[in-house]
Student: 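Before we start, here is the structure in question, set down as structure tokens.
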Amino acid sequence: MQIVSTITAMQRLAKKWQRTGTRIGFVPTMGYLHAGHLSLVKRARQVVGKSGKVVVSIYVNPTQFGPKEDLAKYPRDLKRDLKSLCEMGVDVVFTPNDAEMYPGKTGSGFSTYVVEEKLSRPMEGASRPTHFRGVTTVVTKLFNIVLPDVAVFGQKDFQQAAVIQRMVADLNFPLQIIVAPTLRERDGLAMSSRNKYLDAEQRAQAVILFHALQAAQAAVKKKSISAARLKADLKEFITAAPLARLDYVEFFDPETLQPVAQVKRGTQMALAVFFGKTRLIDNARL
Ligand code: PAF
């Protein structure tokens with residue numbers, strides 16, 4: 001496994017592979033990898049096959065964190081990540097630093113951003129106004145550096161995957177996006193690097209996100225129900241966990257991300273819940 005930290009070296013390698021018709025599968029990450037990330041890596045390998053190359057990027061992207069968010073204390077363990085990726089048979093890990101990605105002192109040599117203007121607005125976009133601008137910008141940069149044929153993203157970040165798919169279609173990136181299923185802990189909590197922040201009590205109560213998804217599934221199994229009514233019920237359900245503070249719960253069309261008035265089978269649900277300063281998200285197709 002090769003570790004590459006400069007853009008020039010990564011692009012040189014990717015161009016060489018392109019010239020020989022070698023397919024490139026790419027998994028962008030912010031590191032602190034868990035089994036969910038590794039399932040994306042496995043999927044990338046399945047798609048490009050043994051003759052293809054799998055690249056994983058590890059980069060905690062500052063532009064997708066708001067000023068009051070957890071950038072400085074975002075969990076990192078590069079040594080452990082590299083060991084896991086090596087065991088998975090990854091070909092290249094791309095680990096740039098901030099000076100490489102956003103040149104100039106504190107990024108002053110950088111001034112071009114990519115903004116998706118529709119799907120990025122509600123939910124995560126409303127709670128974290130500059131978040132998706134940072135995601136679409138860094139993902140564009142990574143696509144231009146790694147030159148993938150296929151890139152794999154996780155379903156847990158449903159809105160992120162939707163925004164990236166739209167960006168790829170709108171801007172004609174010549175690559176395929178795959179969205180792979182969410183991996184869950186035994187009790188149903190979606191795997192996330194941020195789960196590490198939870199203390200024992202918060203961790204025990206964090207399963208309320210999964211239970212809320214299950215409760216909504218059950219509510220629409222036989223009949224449709226008004227979104228306002230279901231939101232009110234779920235708000236009560238979630239805040240019964242004393243450490244949970246609901247940020248949002250939304251019901252929407254999975255393609256347009258527009259809110260629906262009536263929730264039925266096929267409606268997409270997403271929610272964000274704080275436990276202390278830790279904000280967890282989850283979603284499901286009902
Ligand atoms: O999902 C993530 O980990 C990040 O948003 C991504 C896609 C790696 C961009 O920094």
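As the structure lists them, so they are numbered: ligands from 1, and atoms in each ligand from 1. The first residue of the sequence shown is numbered 1, and numbering continues consecutively from there.
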Student: Checking side-chain polar atoms at under 3.5 Å, does Ser127 have a donor or acceptor matched by the opposite partner on Tyr248?
Tutor: no

Student: For Glu124, is there any backbone N or O sitting under 3.5 Å from a side-chain donor or acceptor partner on Gln159?
Tutor: yes

Student: Which ligand 1 atoms does Pro28 reach within 4.0 Å, using its non-hydrogen atoms?
Tutor: 8 (C)

Student: Taking the ring of Phe26 and the ring of Phe94, is the distance between their centroids below 6.0 Å?
Tutor: no

Student: Any N or O on Gln160 sitting closer than 3.5 Å to an N or O of ligand 1?
Tutor: yes

Student: Hey, is ligand 1 close enough to Asn61 that some N/O pair sits below 3.5 Å?
Tutor: no

Student: Where's the contact between Thr29 and ligand 1, heavy-atom distance under 4.0 Å: side chain, backbone, both or neither?
Tutor: backbone

Student: Could you tell me whether Arg80 sits above the aromatic face of Tyr32, with NZ or CZ closer than 6.0 angstrom to the six-membered ring centre and within 45 degrees of the axis?
Tutor: yes

Student: Around atom 3 (O) of ligand 1, find the nearest protein heavy atom and jot down its residue, atom name and distance.
Tutor: Met30 CG, 3.6 Å

Student: Considering the heavy atoms of Val138, write down every atom of ligand 1 situated less than 4.0 Å from one of them.
Tutor: 9 (C), 10 (O)

Student: Going by the salt bridge (charged side-chain N to carboxylate O under 4.0 Å, His left out) test, which pairs reach into residues 232-249, not counting sequence neighbours?
Tutor: Arg229-Asp233, Asp247-Arg279

Student: For the residue pair Phe110 and Tyr113, categorise the inter-ring angle as parallel (less than 30°), tilted (30 to 60°) or perpendicular (more than 60°).
Tutor: perpendicular

Student: Hey, looking at atom 9 (C) of ligand 1, which of Gln64, His37, Lys156, Lys141 has the closest heavy atom?
Tutor: Gln64

